[in-house]
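One-based numbering along the sequence shown. In listed order, ligands and their atoms are each counted from 1.
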Amino acid sequence: MIDLSSNYLGLKLKNPLIPSSSPLTGNLDDARRLEDAGAAAIVMPSLFEESVILEQKQLDKYVHSHALGNYEAESFQPVPSDYAGELDNYLDHLHHLKSTLNIPVIASLNGISVNGWIDFGKELAQAGADALELNVYYIAADPEQDSKHVENRYIELLTDLREQIDIPITMKLSSQFSSLANMVSKLQTAGANGVVLFNRFYQPDIDLETLQIKPQLELSSSQEALLRIRWIALLRNRVELSLAATGGFHCLDDILKALLAGADAVYLCSVLLNKGPEVIAALLLELQQWLEEKEYESVQQMQGSVSHSCAIDPAAYEHSNYVNVIKSYKP
Ligand SMILES: Cc1cc2nc3c(=O)[nH]c(=O)nc-3n(C[C@H](O)[C@H](O)[C@H](O)COP(=O)(O)O)c2cc1C
């Protein structure tokens, strides 16, 4: 029997496949289906800073107007004693997942500012989260902000969180850093146990009829996996933290490439939304068969064997290959 296990963030996983944050992991029945299909862990949908802050503001306003007595008498509703806010609902879902599933549950925080909202990390850890993912979805669009400022935002958020909790922390990153490898190394020094490469930025479109900007969410394709695979290959054995791949992992070939490049975990989202949780079982069977055919004994034996530090031609991951690729194009 081939050993599919992998280590991610110090967690011993039965295989490397993890459903990433999505509406599926936000629903208890779907989470159960994901586990039944063989998922090794799950990442909850994020608790978003803006939702938490908006809610706090609304509550403050409410309590303030109540204290001043300037509310409309007929519209006045006391804050119900069982009022459940964003965090309470999130903690409830975490409790349900933890009491229903046997696999690790990774909670997720999504925000950009170094404020009180990050204190919630402590409550998530106390509620039993096995690890915490911090997704800093930040668009660095201000010409006055230099790259150091942007990087410090990540480091400060991580440092704040690290001071409060002992469970592993993984950082879900964008690919858009001037020096990604250096950034990952800084995160490691600041206490990160892993990185998740890469966040997908959803691209707003312009509606040519209304001239309005329309937000749109398109699911990924396998083509996007190559950027992630390259960076995992470049980082493997050069940093000491865990590496997870997210963005464009749909089929066995994508997963194999991520593992060969050096991923400790491969996150799945679009493929699960397209095909349903049960696709995990099929992918695991294919992975098992491929390893048998190639005479591997375990996933760990293959992990990183085509990373930059182990590849037959490491330069192919670097700039030097650029000219060859351009010249090889035949119109
Ligand atoms: C509908 C939807 C909801 C998502 N919600 C979150 C979220 O709450 N937090 C987060 O970090 N990523 C979220 N993601 C991003 C996914 O977890 C994943 O990283 C991304 O879709 C790339 O993986 P994929 O190519 O397998 O879809 C969401 C994606 C989708 C499609």
So, does [X] use its side chain to make a donor-acceptor pair with the main chain of [Y] at under 3.5 Å?
{"X": "S185", "Y": "A181", "result": "no"}
{"X": "N199", "Y": "L173", "result": "no"}
{"X": "N7", "Y": "G10", "result": "no"}

Does the distance from a Lys or Arg side-chain N to an Asp or Glu carboxylate O, for D30 and R33, drop under 4.0 Å?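 Yes, D30 and R33 are salt-bridged.
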(Q) Taking D160 first and then K122, would you say they form a salt bridge - that is, a charged N and a carboxylate O separated by under 4.0 Å? (A)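 K122 and D160: not salt-bridged.
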In the protein, which heavy atom is nearest to atom 5 (N) of ligand 1, and how far is it?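 The protein heavy atom lying closest is S21 O, 3.8 Å.
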Which residue and non-hydrogen atom of the protein lie closest to atom 27 (O) of ligand 1, and at what distance in Å?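 Residue, atom and distance for the closest contact: S270 OG, 2.5 Å.
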Check: [Y] and [X] side chains under 4.5 Å, non-hydrogen atoms:
{"X": "P16", "Y": "Y8", "value": "no"}
{"X": "R200", "Y": "S220", "value": "yes"}
{"X": "C310", "Y": "N237", "value": "yes"}
{"X": "L124", "Y": "L91", "value": "yes"}

Atom indices of ligand 1 within 4.0 angstrom of [X] heavy atoms, with elements:
{"X": "P45", "answer": "8 (O)"}
{"X": "L273", "answer": "31 (C)"}
{"X": "S220", "answer": "24 (P), 25 (O), 27 (O)"}
{"X": "F48", "answer": "8 (O)"}

Is it the side chain, the backbone, both or neither of [X] that has a heavy atom closer than 4.0 Å to ligand 1?
{"X": "Y202", "answer": "side chain"}
{"X": "Y137", "answer": "neither"}
{"X": "V196", "answer": "neither"}
{"X": "L219", "answer": "side chain"}

Tell me whether [X] has any N or O atom under 3.5 angstrom from an N or O of ligand 1.
{"X": "S20", "value": "yes"}
{"X": "N135", "value": "yes"}
{"X": "C269", "value": "yes"}
{"X": "N199", "value": "no"}
{"X": "G248", "value": "yes"}

Requested in this report: Determine, considering heavy atoms only, which of S22, S46, P23, G247 sits nearest to atom 1 (C) of ligand 1.
Outcome: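 Shortest heavy-atom distance from atom 1 (C) of ligand 1: P23.
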Q) Taking the minimum heavy-atom distance to atom 15 (C) of ligand 1, which of E218, K172, E133, E224 ranks first? A)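 That would be K172.
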Would you call the rings of W231 and F198 parallel, tilted or perpendicular, where under 30° means parallel and over 60° means perpendicular?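 The rings of W231 and F198 stand perpendicular, inter-plane angle above 60°.
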Notebook entry, point to check: Is there a salt bridge (charged side-chain N to carboxylate O under 4.0 Å, His left out) between D29 and R32 once you walk through the steps?
Noted result: CA-CA 5 Å; D29 286 338; R32 220 180 267 128; 3.0 Å; yes
